[in-house]
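Have a look at the structure below, then the notes.
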Amino acid sequence: MYLVAIMDWYSRYVVAWQLSNSLDVSFCLEALDQALTVATPEIFNSDQGTQFTSTQFVSRLQAETITISMDGRGRALDNIFVERLWRSLKYEEVYLKDYETVDQAHRSIASYFTFYNQERPHQSLKYRTPSELYYGLKTAAKEEEKAGSVLFSLSP
């Protein structure tokens, strides 16, 4: 199975995610469309996978006038926040379960992301949850937007 997650870098909040049994662009576009219903980032960062360099994916970002940033080849640390998310997901969820079906994996991963966003405190966030920080930012951003500025950006 393949998993894509779109994360706000500042808060570590998983804005959208999708699971697929094939590594094509469609499930990545679904996650992107879901994320764009929540927020429109200034910058979208990803690795150089073919899904993210595809015409469909790049065109979708360009249509929203989002700046595209891609990690250097072989530079996993360029996208350290998502790499850390994958590590947490594997060790706190996937390696502990024996999924029998894709539906079971999907439900279990969905529960994990709810836990990750809303209940799991992060040391790097001063022991706040991603949800606390993300929605606090969105509330502050709405107030600042009225004054004409933007406070945050979203990246995968």
Side-chain angles (χ1 to χ4, degrees), residues 1-20 23 25 27-49 51-53 57 60-61 64 66-99 102-147 149-156:
M1 298 301 297
Y2 300 96
L3 178 66
V4 65
I6 298 176
M7 169 189 276
D8 174 71
W9 272 18
Y10 182 76
S11 67
R12 314 300 196 272
Y13 185 79
V14 177
V15 179
W17 65 277
Q18 285 291 321
L19 190 62
S20 177
L23 192 55
V25 72
F27 81 109
C28 296
L29 285 169
E30 286 178 41
L32 178 59
D33 286 338
Q34 285 176 345
L36 291 174
T37 65
V38 176
T40 303
E42 291 179 29
I43 302 168
F44 190 95
N45 178 267
S46 71
D47 63 25
Q48 293 185 34
Q51 323 81 297
F52 307 118
T53 59
F57 199 87
R60 182 71 178 97
L61 293 171
E64 298 289 331
I66 298 168
T67 301
I68 300 168
S69 168
M70 291 197 178
D71 300 342
R73 175 170 246 117
R75 302 256 329 197
L77 295 180
D78 285 354
N79 204 355
I80 191 67
F81 300 125
V82 172
E83 296 299 330
R84 184 66 178 101
L85 171 66
W86 294 149
R87 183 184 185 286
S88 297
L89 175 70
K90 287 175 186 177
Y91 284 93
E92 296 174 11
E93 169 63 29
V94 175
Y95 294 161
L96 301 176
K97 308 279 174 80
D98 185 21
Y99 307 131
V102 172
D103 187 51
Q104 182 184 24
H106 191 276
R107 282 193 318 271
S108 193
I109 291 169
S111 291
Y112 178 79
F113 281 140
T114 298
F115 164 76
Y116 179 90
N117 278 338
Q118 298 175 8
E119 298 176 40
R120 184 182 184 272
H122 293 242
Q123 182 179 6
S124 64
L125 302 177
K126 298 180 182 171
Y127 297 97
R128 292 176 288 180
T129 65
S131 184
E132 287 175 298
L133 194 55
Y134 183 74
Y135 286 106
L137 276 176
K138 286 188 74 159
T139 301
K142 286 182 183 178
E143 295 301 316
E144 288 294 319
E145 227 172 68
K146 293 176 187 174
S149 64
V150 177
L151 292 176
F152 66 98
S153 65
L154 172 74
S155 296

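No hydrogens, no waters, no symmetry mates; every other heavy atom, side chains included, goes into these values. By convention here, the first residue in the shown sequence is residue 1.
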Any donor-acceptor pair under 3.5 Å from Asn117 side chain to Val14 backbone: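 Looks like yes, one N/O pair under 3.5 Å.
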
Which distance, rounded to the nearest 0.5 Å, do you find between the [atom1] of [X] and the [atom2] of [Y]?
X      : Y      : atom1 : atom2 : value
Ile6   : Cys28  : CD1   : SG    : 8.0 Å
Tyr13  : Gln118 : OH    : CD    : 6.0 Å
Thr40  : Leu61  : OG1   : CG    : 10.5 Å
Gln104 : Lys97  : CD    : NZ    : 8.5 Å
Leu32  : Thr37  : CG    : OG1   : 10.0 Å

Side-chain heavy-atom pair [X], [Y] within 4.5 angstrom cut-off:
X      : Y      : result
Ser11  : Leu125 : no
Gln34  : Gln18  : yes
Tyr134 : Val38  : yes

Whether Tyr112 and Phe115 hold their rings parallel, tilted or perpendicular, with breakpoints at 30° and 60°: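 Tilted: the ring planes of Tyr112 and Phe115 meet at 30° to 60°.
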
Ser88 and Arg84 side chains, donor-acceptor separation under 3.5 Å: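 There is such a pair between these side chains.
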
Can you give me the closest heavy-atom contact between [X] and [Y], atom names plus distance?
X      : Y      : answer
Trp86  : Val4   : CH2-C, 4.1 Å
Arg12  : Ser124 : NH2-OG, 3.7 Å
Leu29  : Arg60  : CD2-CB, 4.2 Å
Ala16  : Ala35  : CB-N, 3.7 Å
Leu133 : Arg128 : CD1-NH1, 3.5 Å
Ile43  : Ile66  : C-CG2, 4.0 Å

Partner residues of Phe113 under the ring-ring contact (aromatic ring centres under 6.0 Å, His included) criterion, sequence neighbours left out: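 For Phe113, the residues satisfying ring-ring contact (aromatic ring centres under 6.0 Å, His included) (neighbours in sequence not counted) are Trp17.
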
Centroid separation Phe44 to Phe52 less than 6.0 Å: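 No, they do not, as the ring centres are separated by 6.0 Å or more.
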
Between Tyr116 and His122, ring centroids under 6.0 Å: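 Yes - the distance between ring centres of Tyr116 and His122 falls below the 6.0 Å cut-off.
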
Exceeds 12 heavy-atom contacts within 6.0 angstrom, atom NZ of Lys90: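 No.
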
Verdict with reasoning, Thr67 to Glu42, per side chain to side chain contact (heavy atoms under 4.5 Å, CB included): CA-CA 6 Å; Thr67 301; Glu42 291 179 29; 6.0 Å; no

Pairing of Glu83 and Arg87 as salt bridge, 4.0 angstrom limit: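 Arg87 and Glu83: not salt-bridged.
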
